[in-house]
Every structure is written in C-alpha cells, then in structure tokens.
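FYI, side chains are in, hydrogens and waters are out, and symmetry mates aren't considered; it's all heavy atoms of this structure.
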Amino acid sequence: MPNRRRALVIGIDDYPGSPLFGCVNDAKAIAALLEAHHDGSPNFEVVLRTSDVDSITRGSLREDIQRLFVPRDADVALFYFAGHGTENDLGGYIMTPDFASGDEGVNLSEILSRANASPAKESVIILDSCMSGALGASPSANNNAAAVSEGVSILTAARAGQTAAEINGNGMFTELVCAALDGGAADVLGNVSAPAIYTYVEEALGAWDQRPLFKAHLGQVESLRKALPAVSVETLRQLPKWFPAPDHVFPLDPEYEDTELGHDPAKVAIFKKLQKCRDAKLIEAVDEDFLYFAAMNSTGCRLTLLGQRYRKLAAERRI
C-alpha cells in the first residue's frame with residue numbers, strides 16, 4: 001500500500017552575507033522524527049532539502065511546494081521550513097539564497113493557496129522563520145484574520161513582525177517542536193497532533209520570548225506521529241472490566257502491593273497497570289494521595305474524567 005503521508009522539509013543556512021547556523025540541523029531533526037513513529041514503523045515519506053547539500057532556489061522551492069500539495073491520494077501533506085523570512089506591505093516571504101530586492105523568495109500567501117487547494121485530508125504548514133506569523137494575515141487590513149480552508153493548520157515560530165531565535169545551533173521553536181513530536185505533546189495513546197504541538201510550544205515559551213502562532217480550520221485532527229503511549233492499548237481495554245460503571249470504585253487491599261507481608265501475584269500484576277493509569281491521570285486513589293496507601297488501607301481507586309473518557313472509548317471498541 002503506497003504511503004499516503006508526505007512531508008517536504010527545507011533547511012537553509014547559506015544565505016549570502018547573512019548566514020544562519022541552525023536551520024540545516026533543525027530540518028534534519030524534524031525529518032528524522034517524521035520519517036518513523038516511536039516504534040520504528042514508517043510514518044511520512046519525507047523529501048529533505050538542505051542548503052549544505054542542495055541548491056535551493058525560488059523556482060525549485062515553488063516547484064517542490066506545488067508537488068507536495070497536488071497529489072489526490074494524500075492523507076496528510078506537511079511543509080516545514082527553517083530559514084530567513086521577511087515581510088513587506090504585500091505580505092510575508094520565506095527566503096531562498098538567490099533572493100533579490102523585490103523578489104525575496106516564495107510569498108506565504110502562495111503557500112497557503114496551495115495548501116487550501118490541496119485534496120489532502122489535512123495540510124500542515126510549520127515555519128521556523130522571522131515574520132512567519134504573516135502567513136494567512138491580510139496585510140491590507142493589518143490584522144491576523146486567516147483565510148484557512150478546512151483541513152489546513154498553520155504553526156509558526158513567531159508572529160508577524162517578530163524574529164525567530166537560534167540558540168546553540170538550533171532554532172528555539174524547532175527544538176520545542178521536536179520535543180513535542182518525540183512525546184512531549186502526546187496524548188495517552190501516544191498520538192501527537194498539530195494543535196497539541198502548539199499547546200506544548202506555547203506553554204514552554206516565556207512571556208518575553210517570541211510568541212508562536214497557530215491557525216487552523218479542522219473538521220478532524222490527524223495524528224502527525226505516534227510517540228510512546230503512556231498506557232498500552234491492552235491496559236486501556238481493561239478499563240470497562242475494572243470499572244463496570246464510570247463512577248465505580250475499584251476495591252484495593254494490601255495483597256495488591258508487592259510486599260514481604262504477603263501478596264497475590266495476579267493482584268500485583270493488575271496493580272502495576274493501575275499505577276500506569278494513575279501516572280497518566282486516568283485514575284485516582286480514594287481518600288489517599290497515592291495508590292500504595294489506598295491498597296494498604298483497603299480503600300480503592302476510581303476513574304478521573306479523563307479516565308472515564310478512555311473507558312468509554314474502550315467500551316465502544318474504539319481503541
């Protein structure tokens with residue numbers, strides 16, 4: 001079965017008279033994460049262009065972007081760019097090494113138009129460049145209203161008029177995006193989506209740092225990568241068995257704890273899974289702060305609201 005997930009990843013350091021030092025590294029790091037899920041299974045089919053290897057021109061970049069968003073059989077089409085950005089009264093641009101006054105590179109509105117017209121189920125644009133927040137804005141109206149079609153999401157390192165910082169050979173924004181893809185923004189099942197990446201990045205940046213921007217029109221949210229799940233699917237499927245009703249209290253006793261005072265191996269095995277669920281905020285101890293004390297004092301545990309959600313998914317055989 002052909003891969004239905006495509007990514008175009010661009011990293012440019014070599015700008016005449018104004019070099020950068022982290023964009024190639026950023027692009028390679030993003031590409032490595034997108035190519036495979038945490039378990040090594042294939043994810044995106046990635047086309048990687050970096051200025052240390054490729055000659056990236058305005059023409060070649062436009063051609064690559066067009067090829068990314070055209071295929072009709074794509075589930076997800078993702079464009080990532082790390083490099084210089086600029087803006088004028090006509091909008092924002094991502095710049096290529098052959099930039100010239102009045103023709104700096106590819107206009108952000110052109111990229112958005114390609115994404116908006118794409119037949120892919122979801123089109124994702126991630127930009128780590130200065131002024132990237134101009135994507136989707138209306139320069140004539142000087143506002144942040146974005147003409148974003150359904151299925152398109154945009155995540156940028158900075159808002160219009162802001163610069164994007166490089167720290168220790170990497171873009172600060174992309175370093176956070178990589179951490180999010182590697183599991184920092186994952187849900188209980190390990191799924192990492194574009195909205196979750198934005199939330200992770202936005203919360204990690206301080207009030208005086210550059211501010212990321214997220215714009216989207218999504219009818220459904222695709223997972224961009226599967227990280228290590230906080231709780232295995234097999235354990236989640238046990239929730240309806242352990243908790244026959246959403247408000248059920250699962251009774252615990254000292255035999256659930258692996259202690260020298262005596263224990264039941266079958267109960268200990270269940271308790272270890274319950275502890276995983278507690279770490280993922282799916283269950284909580286009754287009248288105690290920790291499951292250990294709930295077991296030793298023979299109280300019990302119950303589902304949190306998040307746990308009730310996953311119990312429902314398991315009961316409906318949706319996971």
May I ask you to decide if [Y]'s main-chain N or O and [X]'s side chain share a donor-acceptor pair within less than 3.5 Å?
X	Y	answer
T174	V177	no
S113	S109	yes
D128	A157	no
N116	S149	yes
R5	L224	yes
H84	S18	yes
T304	K281	yes
H217	E150	yes
S129	G85	no
E222	E122	no

Please evaluate residues I12 and I94 with respect to the criterion side chain to side chain contact (heavy atoms under 4.5 Å, CB included), reporting the C-alpha separation (whole Å), side-chain torsions for both, the decisive distance (0.1 Å), and the verdict.
CA-CA 10 Å; I12 304 175; I94 55 173; over 6 Å; no
Going by the angle between their ring planes, with limits at 30° and 60°, are F250 and Y256 parallel, tilted or perpendicular?
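Perpendicular.
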Would you sort out whether T199 and F214 count as a side chain to side chain contact (heavy atoms under 4.5 Å, CB included), showing the intermediate values?
CA-CA 9 Å; T199 299; F214 182 66; over 6 Å; no
Test salt bridge (Lys or Arg N to Asp or Glu O under 4.0 Å) on K121 and D75; report intermediate values, then the result.
CA-CA 5 Å; K121 292 180 181 176; D75 286 333; 3.5 Å; yes
Flag the pair [X] / [Y] as yes when at least one side-chain heavy-atom distance between them is below 4.5 Å, and no otherwise.
X	Y	value
C23	D13	yes
Y310	L303	no
N297	D287	no
L313	L239	no
W242	L274	yes
I154	L213	no
K267	D253	yes
F243	I283	yes

Going from [atom1] on [X] to [atom2] on [Y], what distance comes out if it is rounded to the nearest 0.5 angstrom?
X	Y	atom1	atom2	value
L181	K226	CG	NZ	13.5 Å
E234	I319	CD	CD1	10.5 Å
F81	L61	CZ	CG	7.0 Å
Y80	L8	OH	CG	12.0 Å
L78	R225	CG	CZ	13.0 Å
I56	D98	CD1	CG	10.0 Å

Is it the case that one hydrophobic cluster holds both [X] and [Y], taking links as side-chain heavy atoms less than 4.5 Å apart, direct or via other members?
X	Y	value
L236	I270	yes
Y198	L205	yes
V24	L33	no
V286	M296	no
V188	V233	yes

Does a side chain donor of either D39 or S41 reach within less than 3.5 Å of an acceptor in the other side chain?
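Present: a donor and an acceptor within the cut-off.
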Between the side chains of Y15 and S51, does any donor sit under 3.5 Å from an acceptor?
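No, because no side-chain N or O of Y15 sits under 3.5 Å from a partner of the opposite role on S51.
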Can you name the nearest heavy-atom pair linking [X] to [Y], along with the distance?
X	Y	answer
F271	E257	CE2-OE2, 3.0 Å
A280	V231	CB-CG2, 3.7 Å
V249	G300	CG1-CA, 4.2 Å
R237	A314	CA-CB, 4.0 Å
R278	L291	CB-CD1, 3.8 Å
I125	A115	CD1-CB, 3.8 Å

Give a yes or no on whether E63 atom CD has more than 12 heavy-atom contacts from other residues, nucleotides or ligands under 6.0 Å away.
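No.
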Test side chain to side chain contact (heavy atoms under 4.5 Å, CB included) on K28 and D52 and set out the steps.
CA-CA 11 Å; K28 291 178 178 178; D52 60 333; 3.1 Å; yes
Evaluate side chain to side chain contact (heavy atoms under 4.5 Å, CB included) for V221 paired with N191, printing each intermediate quantity in order.
CA-CA 10 Å; V221 178; N191 295 309; over 6 Å; no
Going by salt bridge (charged side-chain N to carboxylate O under 4.0 Å, His left out), D64 matches just one of R49, R58, R6. Which one?
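It is R49; the other options fail the test.
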F79: which of V124, V9, I111 passes side-chain contact (heavy atoms from CB on, under 4.5 Å)
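Running side-chain contact (heavy atoms from CB on, under 4.5 Å) over V124, V9, I111 with F79 returns exactly one hit, I111.
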Assess the residue pair E110 and R62 against the criterion (salt bridge (Lys or Arg N to Asp or Glu O under 4.0 Å)); give the C-alpha distance rounded to whole Å, side-chain angles, the decisive distance to 0.1 Å, and a yes or no.
CA-CA 9 Å; E110 179 181 343; R62 285 192 180 99; 3.3 Å; yes
Salt bridge (Lys or Arg N to Asp or Glu O under 4.0 Å) between D187 and R309, worked out:
CA-CA 13 Å; D187 65 11; R309 173 191 167 199; 5.6 Å; no
